[in-house]
Each structure stands twice: as structure tokens, then as C-alpha cells.
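Within every chain, numbering begins at 1; the chains are lettered A, B, ... in the order of the sequence lines, protein sequences first and strands thereafter.
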2 protein chains.
Amino acid sequence: MTTEEAQRRTSGVSATTAANTGEFGIANPARSTAWAGAVQAGARVLPEHARSHNRALVLQALFRAEGLSRADLAREVGLTRVTISDLIGDLINENLVIELGVRTDSRPGKPATMLDINRNGFVVVGLDLSFNSRFRGAVTNLDGTVLHREELDVTGVTGSEAVEATALILERLVAAATAPILGVGVGSPGIVDATGTVLSAPNLGWKDLPLQQILSMRAQLPVQVANDANIAALAERTFGGGGADMMLVRAGRGVGSGLIVGGQQVYGSGSAAGEIGHVMVGTDGGDICVCGKSGCLETWLAIPRIEARLANATTEAERESILREAGERLGIATAPIVGALNLGEVVLSGPSELIDGPLIAAAADTLRDRTMAEFVGDLSVRMTTLGRDIIVLGAVVMVLTGQLGVY
Amino acid sequence: MTTEEAQRRTSGVSATTAANTGEFGIANPARSTAWAGAVQAGARVLPEHARSHNRALVLQALFRAEGLSRADLAREVGLTRVTISDLIGDLINENLVIELGVRTDSRPGKPATMLDINRNGFVVVGLDLSFNSRFRGAVTNLDGTVLHREELDVTGVTGSEAVEATALILERLVAAATAPILGVGVGSPGIVDATGTVLSAPNLGWKDLPLQQILSMRAQLPVQVANDANIAALAERTFGGGGADMMLVRAGRGVGSGLIVGGQQVYGSGSAAGEIGHVMVGTDGGDICVCGKSGCLETWLAIPRIEARLANATTEAERESILREAGERLGIATAPIVGALNLGEVVLSGPSELIDGPLIAAAADTLRDRTMAEFVGDLSVRMTTLGRDIIVLGAVVMVLTGQLGVY
DNA sequence: TTTGTTAGTAAAGGTCACTAACAAACAAAA
DNA sequence: TTTTGTTTGTTAGTGACCTTTACTAACAAA
């Protein structure tokens, strides 16, 4: 690896950069500048943690509204101009923030120096392993704007071959990066624990696979791995305008979901939050599922199942009835969740030609019928606006949160 | 009010005590020493916030394991002995911590001075407004040990009369306090927002009632109000051995629940989290509910409904069948919630002669049948161990959390 | 008596954000 | 044009906080 490559491949954020350019060195540990990182259950807090929290706040403010001056930030965040200047000084040194020049509009006082996140100074790599037959990945800037895409056919590929395929597409993406890589985010199907170990992903034949560790060693970069539907919820929250109490349901080969409760991602007692595909819906039977039960949500909502039913439909009315039934079943299954968590939003992700129409309308109707209007009156049931990139974007959010504390 | 009374009634925790003894002064604002309080969305963090967080950690450690020395605390919390000594100095000055004497067991080195929370130095007042015909309340020490109880018949009492009744029982409890009162916690039925305003409590005829503000003014004490089932979940978490991902379902006149997700209480987008009584269960109809729908969870699980059905049962088998059906319906309704949140525990609260038996067994069976064993394999479905005091204890937890940051 | 260990305190040092004060740069009024 | 007032960003000094280092007190074991 040449020096330039090392330069490009290694995030310049950490002060330990120089030590990490060796091919077999240890990758940068994920910097938990997010406050949440410091305040995990029963962790002491030092002034330096306050500093990283405030630093993350500044970055967040710059993320959300571009074109802020130091004084603007001071007002926004609540710190003094002095402290903001100090923090911004650090951030500029780390090349995370840049000065855009003086504010042009005419008003009294010294003209302000406009600042912004260095949106193109770093890139993020996002990987989507959720499709059955192909892995997808992208290089994005810090905005989530896709700069480069890669796809890889993985039909029938499982086990360690699938790991190799993941490493291969990651390698290609890393090679395509035009700026230092802040980190790598991976959305994997199955159950993924907090350490990025895939506890179980039947489709890929993975069990207790420490994917984060493997990829991090290979790429010499900070890597974060999480469940695909879960990070889709993250993406919707950050880039799709999702609220603080939200559920994202993803219909594909199977059915999964991700939950944001009180602004926080839900992980669950066994890292299996969102796994609603094999919850039985209703009390009137249903088709047999691969899991052995009858009438699982997946038998109603999985895309192959819907397509199979639609294949027998001859009229438009039949087609609509099939889609409405799928939506109804989704409504029946999610009504207790929406009620118990008092969710404000249910967002759907999947092929829009099937989902965005009678299905989603029926789901909304059913949800309203089966819950108390007083509690869920302003419930919004809608399609995601992020389309097929939602997993990749979720991976980006994961990296931004993990490395910069931005969310 | 005499000086002694003022002394007793006012928490000695705050440095502003002297200013708050006036009959019509403003009560101590709730001290948010908890870190969560300081780190609400987008709040800057100063070194002093770190201090209060660490202080709360020390208090928590002392709460959980009594008989710790300063050096033990240093090891436990991760701060140095010097810092712990400093924090403990403050806490002893505020009478929140006491020295128990030197450790007696024989080991090398200087014998340690044992410390403990001053468990009887302060009391907490808890109020339970959840019963239809009577308000209940208790004075407890910081352990949650009940020192004194009060009950008040409120059959048919609603609206402002119910507020007066609440104030009356609170007054009696305050008069019975034998130590400075740390704060007052109130568990109210209905929907209660973060400011302690009862947005809606049909049974009591309350709507947009700022109960926390009213009681706080009357009693000149910090008051916190929340939904009854929600704080029951808090109680179960702190005093009942509940885990970090847990649901507590409370069957009474109606059906409510409280959720702990990732160790945090769930509030919901409209402060209505846990309201599952009027979620429809199954797809095969059911009795008409007061809300107009058919087959709401309440029509299956509310105690009056169960009792009405049992009145017609002649044999033990019939009785058991009725209870099993109620449990099944509970299982059907909660299965999607347990699956989506990957809960580790479902705890029931209510009259144990009805719930603790076929009902809970059927609920557990149904939950396991309708979810994926792989995800909820170690799901525990059980009765609360806290009995009728659960709401009062929840109120205590709320005060401990709000005033001391302990949870 | 000596040695080693543990508890708690004291002093010094570094980090962090604050207040106060100031120069630079501008608009608008005089 | 000069003066006044406003806004920005920086410098200097202060206080809060936790750490490291160093110390004394008190004990067990050899």
C-alpha cells in the first residue's frame, strides 16, 4: 500500500492516524464521541466526556443547518462563543469542518465567518447484504449523497464464501473512495448483536460470525455491523424525516422491522428487536410458514408470497383485494405495537409497486380501526422516501453516529 | 407552619432549603441529578453536570449494595478514591449518606469505613389513584419500606372533588412523615404527560389537569405524577427484579401496561405509551367494549369482565377455561409487542386469585406458540412480586430518580 | 520489629467552560 | 465625514472538576 493510499484509506479524524497505516495494524477503534457512548449504564463521566458531547452537538448543529457561524452555533448549542471557537478550532484541524468565507448579506456588525461540515472531506462506505441474490454497496459523502456504487451477484453463495464476497465488495468500494474513509457500515440480515457479530442469518448460512471484527481487520477501518431493518429505521429517522417514535417495516424476501422509541434505536433483550416476521397474525389460521407455524406475518406480507397470490389474480379487483388483505394483516400485527408504544409513525419499505397503494391504505385503515383514535389519532402510515438506498443510508448513519456522535 | 414542621417537610437536600420554608413559597424544583436529565436532546454539558452524574452513580452503587467503603465505591464506579471522598463529603453534609463505622472482618491494611445511604434520613410519599373506589398512599423510607399507610374512600368522587381528595390524602401522609420528605410521587390512571398534567382520565373526570403543579403548590414539595401502569413497570424494574426489556401488564377495572425498553421507560409520542386496553385482539370478534369496538383486550382481561363470566361458571373446568381464554387473549395481543421489542419479561399485576394460575399459564403458552422460540426462548412470564403496593413503590422510584438520579 | 497492604487525605496539575474585555468590521444616524 | 451602536471572534483570567503523586494511619503476616 502506498503512502497516498494509506492516507486515503485511513480516517484523519483520530490523532492516532499515523500508527494505523500499517497493513496489519489495528484499525482505529470507533470513537464514541456521542454522549450515549460515554453514558452507558453506570459509567463515570469526566470533563473530557463533556467535551466530546459538546463537540458532537456542534457537529450535529452544522449537519442539520448548513451556513452557521461560530456565533450562530453558540446561540444554537447554548455554549459561549469562546467555547465554540475552541471546539471549532479542533474540528478545523481535524478537517471535519471548513470555513466557507464571510457572510454576504448586509447587516450591522462584523461579518460572520460561515462554517460547514466538510461534507466532501471524508466519505463513508455503506454495505447492504439484505438482498438474497446480490450484495449492494455505496460510497457516500457525509450528506449521504451516493458517490459510487458497487453490486455483486451472490446467488447461492453462503457461509465463508459470503464473507469473502462481502470483503470483496468492500475492497472495491474502498478502492473507489476519493477521500479518507470515516468508517464502514454494514446492514446484514439476521440477528446482529452490539459487537457486530451476526448471531444468526439463515439465508447466508451465518451463525455467530464476528463480521465486524473480520471486516475491520481486513479493511483496516472502523466497521459497524447491524441488522438491515434496524438501520433502515435509523436512515428513515435521520434522512427520511422520521419522528422519535417510529416503526419501519421492511417487506422483502422476509419481513423485518426496526424501531425508534424515544429517539433511540431499540435493540431488545437478545439483540433481536424488530423480528416480527414470525409473529402469528389473527386467530383464523393462514398459510403454513417455513417456521412451521400458520399465519405468520411473513406468510401474508413477504414479497414472494404476495407475488405468488397475484399471479393467480385475473382482474384488477382481485389484485387489489390481495394487496388489501396483506395490508390488513400488517395492520392487525402492528396495532398492539403501535398502541403499546404510542408510535407516531409507521413507515414501510419494499417494492413500491406492491406496497404503495391498496396495501398501505388498508394497513392504515386497519391500524386506526383496531386502536384507540384518542391515542393514535395523528398516526402517520406511509412509504419511505429513501427507496432502495435505505439500507446503505442506514449504514452511513451508523458510521456518523459511531464516529462523530451525529444522529 | 412551625419551624420544625418546615424543617421536616422540606427536603434538606437542596442548598436552597432556607428559601423554601415559606408557606407560599415555591417548592424545591426537582433536582435532576440524573444524567439523563442533563442530556436531553441537544443539551450542552458542563463539568458540573459530570459532577452530578457521578454523584448519582455513587448513590446508585450505595443503593444496590449496602456496606461499601469509599475505596469500594472507587473501584465500583471507576473514579479515584480522592474524588469519591470528595463526593461522599458532600453527600454526608446533605445527610444523604452516613458512616456505619469501620469494617469488622479481619484483613490487612487500614480498616475501611463503611457507608450507606441514609435510608431513614428521608422519606418518600407515594400516592396510588388507580383504584376506582379508594385512593391509597404510603410514606416509605428510601428503601421502599412502607412506614405508614393512608386510604380514602372516593366512591363516585370525580373532577375537582377528586383533586381535593388527592390533596387531602397527601396532607395526611405529609403529616405522618417522621423525616424530611424527599418528594411525592403520584400514580394516576389515564394519560399523563411529562409535566405531570393528566391529559385525560375518564374515570376521574379529569382532562388537562395540571395535577403535579397543583399538588406541588399545595404541599410545597417536589411532586411527580405519571401513569399508574407506567410507574408500576418502574417499580418492577427497581424493586421487583425486572430486566431492562420488560412489559408490565396491569389488569384492573381496565387494562393498562408499562414498558421498559433498553432500561428506559417508554413514554410514547403522545405520552400514551402502554395504553393497550383498547387494542383489538384476534380476528374472530368478541364482546362489545365501552369504546365501541368489539374484542378489545379489555373485554377479555378487565377484572369485572372476567368476574362476570366466572359468575356463570358452575364447574371448576368451566372456571379454568374462562381464565385460560383470558390468558390466551393476552398472549395474542402481546405477542407482536414481545416479538418486535424482543422483550425478556412480561410481568402481570392484578388480583392474583384470578391472574396467577391458568390465566398466566395460558398467556405464557400462547406467547411462546405465537412468536419465534429462537428470539423469545428465554421469555419469562410471571406475576409481580410487589402485590398491591406496586403503584406506591413506583411512585417512590419516580421520586428517587427525579430527586437523586437513582434508578 | 519489619514488611507489605489497604484506606483515606492533601497538594499540585491539567482540562474544560465560563466571564470580562477588546479589536475588527460593519450599518445607520448625526 | 464622523459618531454611535451592533456583531463577531479572540485573548486573558477564573473556577469547577478529576487526576496523579505523595503522604499518614492502621492493620496482618513473617
Novice: Would you mind reading off the distance between His49(A) atom NE2 and dC18(D) atom C1', rounded to a whole angstrom?
Specialist: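 Computing the His49(A):NE2 to dC18(D):C1' distance gives 11 Å.
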Novice: Are any of Asn54(A)'s side-chain N or O atoms less than 4.0 Å away from OP1 or OP2 of dA17(C)?
Specialist: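 Checking Asn54(A) against dA17(C): at least one side-chain N or O falls below 4.0 Å of OP1 or OP2.
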Novice: Using atom CG of Asp72(B) as one end and atom P of dG8(C) as the other, report the distance to the nearest whole Å.
Specialist: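 One finds 8 Å between P of dG8(C) and CG of Asp72(B), rounded.
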Novice: Which ones in residues 81-93 of chain B lie close to DNA chain D, meaning a heavy atom under 4.0 Å from one of its atoms?
Specialist: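 Within this stretch, Val82(B), Thr83(B) sit under 4.0 Å of the strand.
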Novice: With a cut-off of less than 4.0 Å, is there a side-chain N or O of Thr80(B) near OP1 or OP2 of dC18(D)?
Specialist: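 The answer is no; no side-chain N or O of Thr80(B) sits under 4.0 Å from OP1 or OP2.
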Novice: Is there a side-chain polar atom (N or O) of Arg51(A) under 4.0 Å from OP1 or OP2 of dC18(D)?
Specialist: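 Negative; the distance criterion is not met.
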Novice: List the atom pairs, with distances to 0.1 Å, where a side-chain N or O of residues 109-117 of chain A and a protein N or O form a donor-acceptor pair under 3.5 Å, not counting sequence neighbours.
Specialist:
residue, atom, partner, partner atom, Å
Asp116(A), OD1, Arg119(A), NH1, 2.4
Asp116(A), OD2, Arg119(A), NH1, 3.1

Novice: What is the base-pairing partner of dT4(D), counting Watson-Crick and G-U wobble geometry with both distances under 3.5 Å?
Specialist: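 dT4(D) is paired with dA27(C).
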Novice: Less than 4.0 angstrom from a charged side-chain N to a carboxylate O is my criterion; do Arg64(A) and Glu76(A) meet it?
Specialist: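 Looking at Arg64(A) and Glu76(A), the cut-off is not met.
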Novice: Looking at dC17(D), I'd like to know if its phosphate oxygens (OP1 or OP2) sit under 4.0 Å from a side-chain N or O belonging to Arg55(B).
Specialist: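 Looking at the OP1 and OP2 atoms of dC17(D), neither is under 4.0 Å from any side-chain N or O of Arg55(B).
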Novice: Look at the side chain of Thr145(B) and the backbone N and O of Asn141(B), then say whether any donor-acceptor pair between them is shorter than 3.5 Å.
Specialist: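 Checking the backbone N and O of Asn141(B) against the side chain of Thr145(B), no donor-acceptor pair under 3.5 Å is found.
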Novice: Between Ser52(A) (side chain) and Glu48(A) (backbone), is there a donor-acceptor pair under 3.5 Å?
Specialist: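 Here the side-chain-to-backbone pair exists.
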Novice: For the pair made of NE2 in His53(A) and P in dC16(C), what is the distance, rounded to whole Å?
Specialist: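 The distance from NE2 of His53(A) to P of dC16(C) comes to 15 Å, rounded to the nearest Å.
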Novice: Of all of residues 111-118 of chain B, which get a heavy atom below 4.0 angstrom from DNA chain D, listed by number?
Specialist: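 Residues of residues 111-118 of chain B under 4.0 Å from DNA chain D: Pro111(B).
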Novice: Looking at Glu99(B) and Arg70(B), is there a salt bridge between them, counting it only when a charged N and a carboxylate O are closer than 4.0 Å?
Specialist: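 Between Glu99(B) and Arg70(B) there is a salt bridge, with a charged N closer than 4.0 Å to a carboxylate O.
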Novice: When the distance from CG of Leu73(B) to C1' of dT6(C) is rounded to whole Å, what number comes out?
Specialist: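 My rounded result for the distance is 15 Å.
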Novice: Nearest heavy-atom pair of Leu73(B) and Ala61(B): which atoms, and what distance?
Specialist: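 Smallest interatomic distance, heavy atoms only, reads CD2-CB, 3.7 Å.
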Novice: Measure from CZ on Arg44(A) to C1' on dC18(D) and round the result to the nearest Å.
Specialist: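 Atom CZ in Arg44(A) sits about 9 Å away from atom C1' in dC18(D).
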Novice: Mind calculating the distance between NZ (Lys110(B)) and P (dT9(C)) to the nearest angstrom?
Specialist: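 Spelled out: NZ on Lys110(B) to P on dT9(C) is 7 Å.
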Novice: Tell me whether the OP1 or OP2 atom of dC26(C) has a side-chain N or O from Arg103(A) closer than 4.0 Å.
Specialist: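 No, Arg103(A) has no side-chain N/O under 4.0 Å of OP1/OP2 on dC26(C).
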Novice: Looking at dA28(D), which nucleotide sits across from it as a Watson-Crick or G-U wobble partner, both distances under 3.5 angstrom, or is there none?
Specialist: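 Base partner found: dT3(C).
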Novice: Could you go step by step and tell me if Asp86(B) and Thr83(B) meet the side chain to side chain donor-acceptor pair (under 3.5 Å) rule?
Specialist: CA-CA 5 Å; Asp86(B) 196 34; Thr83(B) 304; over 6 Å; no
Novice: Tell me: CG of Leu79(B) to P of dG8(C), nearest whole Å?
Specialist: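 Distance check: Leu79(B) CG to dG8(C) P gives 15 Å.
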Novice: May I have the step-by-step check of side-chain contact (heavy atoms from CB on, under 4.5 Å) for Leu400(B) and Leu142(B), ending in yes or no?
Specialist: CA-CA 8 Å; Leu400(B) 291 179; Leu142(B) 298 191; 4.0 Å; yes
Novice: So which nucleotide from dA26(D), dG9(D), dC16(C) ends up closest to the side chain of Glu48(A)?
Specialist: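 Nearest nucleotide to the side chain: dC16(C).
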Novice: Search all heavy atoms of Ala71(A) against all heavy atoms of Arg81(A) and return the closest pair with its distance.
Specialist: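 Looking at all heavy atoms of both residues, the shortest contact is CB-CD, 3.9 Å.
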Novice: Which heavy atom in Val406(B) sits nearest to a heavy atom in Thr401(B), and how many Å separate them?
Specialist: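 Heavy-atom minimum between the residues: O-OG1, 2.9 Å.
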